[in-house]
Participant: 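Below are the structure tokens for one structure; questions will follow.
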Amino acid sequence: MNISVNSKKNTFHLYNDEISYIMTVLPNGQMGQLYFGARIHEREDYSYLLEMKSRPMTACISEEDKLFSMEHIRQEYGVFGATDYRMPAVEIQQENGSRLSEFLYDHYRIENGKPSLSGLPATYTENDREARTLVIILKDPVMQIRLELFYTIFEKGGIITRSARFVNEGVNEIHLASAMSICMDLPDSDYDWIQFSGAWARERYPVTRHLTPGIQSVGSLRGHSSHNHNPFVILKRPAADEFQGEAIGFSLIYSGNFLARAEVDSYGTTRFTMGIHPEWFNWKLSPEETFQTPEAVMVYTDKGLNHLSQTFHRLYRERLARGYWRDRERPILINNWEATYFDFNEEKLLQIAQKAKDCGVELFVLDDGWFGQRNGEHAGLGDWFANKEKLPEGIIGLSEKIEDMGMMFGLWFEPEMVNIDSDLYREHPDWIIQTPGRKTSHGRFQYVLDFSRKEVVDRIYGMMSKLLSDAKISYVKWDMNRSITECYSASLPADRQGEVYHRYILGVYNLYERLTSRFPHVLFESCASGGGRFDPGLLYYAPQGWTSDDTDAVERLKIQYGTSYCYPVSCMGSHVSVTPNHQLSRVTPLHTRANVAYFGTFGYELDLNKLTEEEQNEVRKQVLFMKKYRRLIQFGTFYRLQSPFENNVAGWMVVSDDKKEAIVGRYKLLNGANQPFERMYLKGLDENTKYLVNGNETHYGDELMHCGMVTTDASAGEAGPDEKMSCDFDSELYVIHAV
């Protein structure tokens, strides 16, 4: 890992064993992009990578040079209007009405390690040897704005992180109308664009299309990253697949409104930008004030999409997630939501907890309905004190009884929301986000508290921290069940209303930071009506997230498969729920529900008392299995093998770092008659090691990977008398050990 600077040629080369990133100071003083990709040799002169050509209808910088136009030059942080007609990385509204800017190279500095971003989540290092950071300092001589571009290269992996910081060194205020975290100009457009989209209960489905001239984009204006689109995009070569070929992944460590955009110009160049969505964003920057963009992560690979994903997994699992639970196996939990909804009392909860304890479950989680006058969706949000009609001894008493059973206790909050029927709203009706003179919309009969206001965050922090201090709480499920509408803050003047969305997210981060710092041993799980804010920003504070409200095993195959392109198994909340499933009314075998949920944090979302004795015994075996293998599953190397979006039989696997253990999940969606023979081609094993599969057969790693592992079931031909019958939604796990 190194950062090489050639002062004579004004070039910068960031490189490690896998990648090179090269840029230069252009003749006009702006920064130009030369190369990002597989590692290349260090040399003195890369000027041949800067191509210029005189073209009709091209505006040039000066009359002396008809070749130099920013329209055809790849840049590091493009601006619109001065011969560049592409969408910009930055747009600044000035006092005279101009939006033109010109950021010219001033100097650079190199730092060992990686600086933190004030008030924002970001990747980090634990020592200065893990990464190096190049900071390019540019200045606009007219506005007197300093722009600092941050580039961090890690010692291992094809990773570059990017962000930008603006400092107003002038005497006039300006307004940032757009400030993207990353601008990446690529020399061609022969890429397939993959985004991860969906809706509630079907989040993060991969959607692929080839780049074409014009603009392709994906984003959110809901006030959160959203169920609809994830802040993660892959550009891959058309021939690339899971196991070979070039790809670049772009991920934004942010939880609010975002935009990812690729613009292909008439000459085949691709400009990719990513950052805070510029719509409804306008940040006033007064003299001496600073604005920091969120961090964006770029990962390059020439080894296929699985390798790309594994790089993100390691980075986000080890250098984005933090704290006590980062490297620890996650407790197996039971959540009462789908078991009781709002209809519970202490006695019913203790019965559910006791049966779960008998089955080996380690953590009981009390979900919505325990506070204020909360007996349904209409009341109680904002009143974070126990409903004594349901819980006579409060959360303190219940948590002590759960702990006396030998289990940990967890609690659900939705701290960002309030009901009109609540003490908090009656005391502070002006604390919700609402526009004066306009109707105020509700979602699920709840309203969004204005977290751009410090006093609102302070009040919620006070209530939550008191409960966490007084009761024996080991886990917090932090929910968020509606998007922002009528975005306006009563605490901000008119010229700062464009800051509300971002200030809101900064308020969420501030509350998370204060709670996780004060209660470092509490396991936080983020949730946003399921997967509505499943993004890297929250992974910084909560090492796991509720992947989706959809608990159906068949749908979860797709959701978890799509999620795995960026996010590690250790952060995916995944539960076994009752059948018929509460979202789809689908009936699936208990073993399949577990076989899917194993590949996540694992837990149960039902009342085990309502299962048969045979089913309860099966649950006991599932819990024992997960306890035995959860470190391998949650922290091993994950491979996607067969996609549920393309095949009736889907598969994935996880392999230990030493390649001595692996677990393969095979999932059949629909059964068939007289089916073909089947094989699954495994990955990541040692070719020369002999493995025992499910305690029966031995095969070398090269056999399992190249010949394939036979997975034919009873649906192929006529089933034998002792053969296990297959069915719809069937599944099988293969446990593989080196011998």
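Values below: every heavy atom of this structure, side chains too, minus hydrogens, waters and symmetry copies. Fair warning: this is a prediction, and the values are worked out from it, not measured in the lab.
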Participant: As an exercise, state the distance from CG of Asn345 to CD of Gln351, rounded to the nearest 0.5 Å.
Facilitator: 8.0 Å
Participant: Taking the six-membered ring for Trp, are the ring centroids of Phe258 and His224 within less than 6.0 Å of each other?
Facilitator: no
Participant: Is a donor on one side and an acceptor on the other found under 3.5 Å between the side chain of Asp327 and the backbone of Glu318?
Facilitator: no
Participant: What verdict does the ring-ring contact (aromatic ring centres under 6.0 Å, His included) test give for Tyr565 and Phe312, after you've listed the backbone C-alpha separation in whole Å, the side-chain angles of each residue and the deciding distance to 0.1 Å?
Facilitator: CA-CA 8 Å; Tyr565 279 90; Phe312 274 110; over 10 Å; no
Participant: Given the rule in the side chain to side chain donor-acceptor pair (under 3.5 Å) test, do Glu605 and Thr551 qualify, once you have shown the distances and angles that lead to the verdict?
Facilitator: CA-CA 8 Å; Glu605 191 100 5; Thr551 58; over 6 Å; no
Participant: What closest approach, in Å, do Asp535 and Pro231 show between heavy atoms, and which atom pair accounts for it?
Facilitator: CB-CG, 3.9 Å
Participant: Quick one: do Asp404 and Lys401 make a salt bridge, cutoff under 4.0 Å?
Facilitator: no
Participant: To the nearest 0.5 Å, what is the distance between CH2 (Trp325) and NE2 (His521)?
Facilitator: 9.5 Å
Participant: Quick check against the 3.5 Å criterion: does Asn419 have a side-chain atom that pairs as donor or acceptor with the backbone of Leu381?
Facilitator: yes
Participant: Checking ring pair (Phe, Tyr, Trp, His ring centres under 6.0 Å) against Phe413, which of Trp478, Phe371, Trp370, Phe524 comes through?
Facilitator: Trp370
Participant: Determine, for Arg374 against Asp383, whether the closest basic-nitrogen to carboxylate-oxygen distance falls under 4.0 angstrom.
Facilitator: no
Participant: Evaluate the criterion side chain to side chain donor-acceptor pair (under 3.5 Å) for residue pair Gln434 and Glu486; output intermediate values, then yes/no.
Facilitator: CA-CA 5 Å; Gln434 56 187 328; Glu486 294 84 40; over 6 Å; no
Participant: Going through the distances and angles, do Asp550 and Arg556 end up as a salt bridge (charged side-chain N to carboxylate O under 4.0 Å, His left out)?
Facilitator: CA-CA 7 Å; Asp550 191 338; Arg556 270 304 188 102; 6.0 Å; no
Participant: Consider side chain to side chain donor-acceptor pair (under 3.5 Å). Of Asp479, Asp368, Asn336, which one does Trp412 pass it with?
Facilitator: Asp479
Participant: Salt bridge check: are Arg496 and Glu499 linked by an N-O gap of less than 4.0 Å?
Facilitator: yes
